[in-house]
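Single-structure report; data block below.
Residue numbers start from 1 in every chain, and the chains themselves are labelled A, B, ... in the order their sequence lines are given, proteins ahead of strands.
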Amino acid sequence: MDPNTILALAKRRGFFFPSFEIYGGMAGMFDYGPLGSSMKNNIEKLWRDHYVLGEGLAEIFSPIISPEEVFIASGHLSEFTDFSVQCTKCNQAYRADNLLEDVVDNPDSMSKEELHSAMTEHNIRCPSCKGELSEPESVNLMFKTMVGPLGGRDGYMRPETAQAMFFNFHLLYRFFREKLPFGIVQLGKGFRNEISPRQGITRLREFNMMEAEIFFDPDNKKWPGFEEVSSRKLRLLPDGAEEGEMSLEDAVGQGIIANEPLAYFMHVTRDILISAGLDEDKLRFRQHLKTEMAHYAADCWDCEALTGYGWLELVGIADRGCFDLQSHIDHSDAELTAFLRYPESKEVETTSVVPNLSALGPLFKGRAGVIADKLGNLSGEDIVRGVPVDVDVDGEIISIPPECFEVTTEKKTISGERIVPHVIEPSYGLDRILYTILDHNYHEVDDYVTLRLPITIAPVKFGVFPLMAKDGLDDTALSIDKKLRKKGILTYFDSSGTIGRRYARMDEAGTPFCITVDYESKEDGCVTVRDRDTKDQKRIKIDDVAGVAASLDDGSITFDKIG
RNA sequence: GCAGAUGUAAUCUAGUCUGGUAGGAUUCAAGCUUCCCAAGCUUGCUGCUCGGGUUCAAAUCCCGGCAUCUGCACCA
């Protein structure tokens, strides 16, 4: 579908529109209008139904602004930064490390100064016009801010919601009673200071994500429920192979998808997107090429949808290995590990050296502490009972008499070990999904537009109209409207314009059903329910309206079964 | 970020070359009409992307910003 058509509809009907328009707008920023906000809530609800209710994952909600340390550990500060150079003659911009790729080793790990001197040394010039290049300039795609008005700490707007699920691991692990696997979700905004965002709502500087992090024992990557769906098929486009349909178990068995949970959550993703109204024929899973894999990923599949913008990445499902947890452990010294109990405890005999400080002190005075540490680090094999031992203190070899230490042998029971869990991350781009839902459900016949949204996603569930806004029809319609809203069903009451125009408005907003009160209602106590996609009408009792509407809303009956 | 094109109401558009009251259609709103699929009639609301310059006078000419589109580059 032509993006301009979708954009025009979105603006006209209040799904979404460019932000700050009266002040000239701002690239990469969009507002959700009334219909868009409602639709966004519905998508989030559908997503939570699967991940929180269905899979038993737990939701957290953390700050957007995060201290610099988080992104030093996550790698975003270094990996999300590019050094660019510009040609002074033709103004063409390049990534500095790309120009040095075949000239020096590991240019992407070089500092600004190293890049500059390497470029001077090897006389790197503009590849297209041979002009002089500017000095490298660092470009980081995170939004930077200051925490504390007078300076304080550097902060950044998070580029993904994921990090909080990693650096809070120890608390969440306790919440899940110290058992693997378990999963956490977070829905919220992420920020990327894109160089030149385009394509409407599909590439934003401030965008909405729905992310899950599921933690596993690396030696036992299993998720309950895989067997139930293992024969289901997905449309796969593996790295270096032909696109084709394949069952989950075959794909895992042949090593095309790295492991079961990865495949399982790909399937969950497919289910969610189909429930949201996407066209299965326009969906595929594409494996990341080795070269495009993020700095943290071990295997990654994108769920892509065919839209007016071409194939669009909606969901990324990555096996991040233990990269993030390990990195936060290294940077913070926090114990972000899981304890794996062995099936049976092991008895281990260890010999250790215990320094005798009351003997060491008088003999070595100030150096006693250092010597004690050195002794403590010796293993049992370095020592023979009753024989002096040599210790190296700052290059000086000191002989320590046997009365200064004891050698003890003890038996220990080891019941398990601490491991750094692996993580599978399904990460959904909410805005892109919303856009694709509009794209796949837009139908136009002779300039008449119908959005065939599933009722779970539709921003408004029922239009409620009096055929004419008089003779009491409006009062009856209003009371029906009120009844539905009391049941938690979002309606739209409309009494102005002709009935056809009102139906048309609702069709364009994707409202699945309309309820109309007419003159016969007074006599037979019935109203008309009209189906958006077929335009068929059925009459039902006014007294039954709320119940029928609720059943249509939750999907327990369909239109053809009512009346 | 670079190059080119574009910018008139919620939407589509005339007017820009050649400076002189901004026009139409759709939408939207109020009303009439026993009105079930964008019917008709009456009435009404909303606009020159922003800033500066030239000029008696700027939607129109000049400069700059912003945004959109296309291509390049970028895109965890």
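- When the C1' atom of B/C37 is taken as reference, atom CG of A/Asp518 falls 14 Å away, rounded to whole Å.
- Applying the 4.0 Å criterion to OP1 and OP2 of B/C36, one finds that A/Thr528 has every side-chain N and O outside that range.
- With C1' as the reference atom, B/A14 and B/A59 are 12 Å apart, rounded to whole Å.
- Atom CG in A/Asp474 sits roughly 13 Å away from atom P in B/A30 (whole-Å rounding).
- In this model, no side-chain donor or acceptor of A/Tyr23 finds a partner on the base of B/C66 within 3.5 Å.
- Taking atom CE of A/Met26 as the reference point, atom P of B/C50 lies 18 Å away to the nearest angstrom.
- You won't find any donor-acceptor pair under 3.5 Å spanning the side chain of A/Arg192 and the base of B/C74, going by distance alone.
- Pair assignment for B/C69 gives B/G4, based on Watson-Crick or G-U wobble hydrogen-bonding distances that are each under 3.5 Å.
- As rounded to the nearest Å, B/C17 and B/U49 have P atoms that lie 15 Å from one another.
- What separates CD1 of A/Ile499 from C1' of B/A38 is a distance of 12 Å, to the nearest Å.
- The base of B/C36 sits with one of its N or O atoms less than 3.5 Å from a complementary donor or acceptor on the side chain of A/Gln537.
- Between the CD atom of A/Gln199 and the C1' atom of B/C74 there is a distance of 12 Å, rounded to whole Å.
- Within the structure, every side-chain polar atom (N or O) of A/Ser496 is placed at least 4.0 Å from both OP1 and OP2 of B/C28.
- Judged by Watson-Crick or G-U wobble contacts below 3.5 Å, the nucleotide B/C32 has B/G40 as its partner.
- Taking the C1' atom of each, B/U13 and B/A3 are spaced 29 Å apart, rounded to whole Å.
- No side-chain donor-acceptor contact under 3.5 Å links A/Arg153 to the backbone of A/Pro67.
- Here the separation of B/G19 from B/A57, taken at their P atoms, is 15 Å to the nearest Å.
- Cation-pi geometry between A/Arg284 and A/Trp311 is met: the NZ or CZ atom falls under 6.0 Å from the ring centre, inside 45° of the normal.
- For the C1' atoms, the distance from B/A58 to B/U8 is 14 Å, rounded to whole Å.
- B/G24 and B/C61 are spaced 27 Å apart, taking the C1' atom of each and rounding to whole Å.
- Distances shown here put a side-chain N or O of A/Lys470 below 4.0 Å from the OP1 or OP2 atom of B/U34.
- A distance of 6.0 Å or more separates the ring centres of A/Phe30 and A/Tyr435.
- The side chain of A/Ala504 sits closest to B/A38 out of B/A38, B/C36, B/U34.
- The side chain of A/Arg505 places an N or O atom within less than 4.0 Å of a non-bridging phosphate oxygen (OP1 or OP2) of B/A29.
- Using a 4.0 Å heavy-atom cutoff across all strands shown, A/Lys11 reaches sugar-phosphate atoms only and no base atom.
- Under the 3.5 Å distance criterion, the side-chain polar atoms of A/Lys538 are matched with a main-chain donor or acceptor of A/Asp560.
- Within the cation-pi definition used here (under 6.0 Å to the ring centroid, within 45° of the axis), A/Lys189 does not qualify as a partner of A/Phe143.
- Contact annotation for A/Pro18: no contact, since no heavy-atom pair falls under 4.0 Å across all strands.
- Here A/Asp507 lies out of heavy-atom contact (under 4.0 Å) with every strand.
- For A/Arg203, the listed nucleotide lying nearest its side chain is B/C75; candidates were B/C75, B/C35, B/A38.
- Only the P atoms considered, B/A39 is 45 Å distant from B/G52, to the nearest whole Å.
- Counting non-hydrogen atoms of neighbouring residues, nucleotides and ligands closer than 6.0 angstrom, the NZ atom of A/Lys522 exceeds 12 such neighbours.
- Looking at heavy-atom distances under 4.0 Å, A/Ala27 makes contact with sugar-phosphate atoms alone, never a base.
- Between the side chain of A/Arg501 and the base of B/C37, no donor-acceptor pair of N or O atoms lies under 3.5 Å.
- Here the C1' atom of nucleotide B/C28 and the CG atom of A/Leu9 are 16 Å apart, to the nearest Å.
- Closest to the A/Arg198 side chain, of the nucleotides B/C2, B/U34, B/C37, is B/C2.
- Between the side chains of A/Glu69 and A/Ser332, not a single donor N or O lies within less than 3.5 Å of an accepting N or O.
- Between A/Arg12 and A/Asn193, the one whose closest nucleotide on RNA chain B sits nearer the 5' end is A/Arg12.
- A side-chain donor-acceptor contact under 3.5 Å links A/Lys221 and A/His422.
- Rounding to whole angstrom units, CD1 of residue A/Ile22 and C1' of B/U46 are separated by 14 Å.
- When each of A/Tyr448 and A/Gly25 is assigned the nucleotide of RNA chain B with its nearest heavy atom, A/Tyr448 is the one assigned upstream, toward the 5' end.
- Taking atom P on both B/A9 and B/G23, the two are 14 Å apart, rounded to the nearest angstrom.
- No engagement by A/Gly316 is indicated, since no non-hydrogen atom pair under 4.0 Å with the nucleic acid exists.
- Spacing between atom OH of A/Tyr503 and atom C1' of B/A39 amounts to 16 Å, rounded to whole angstrom units.
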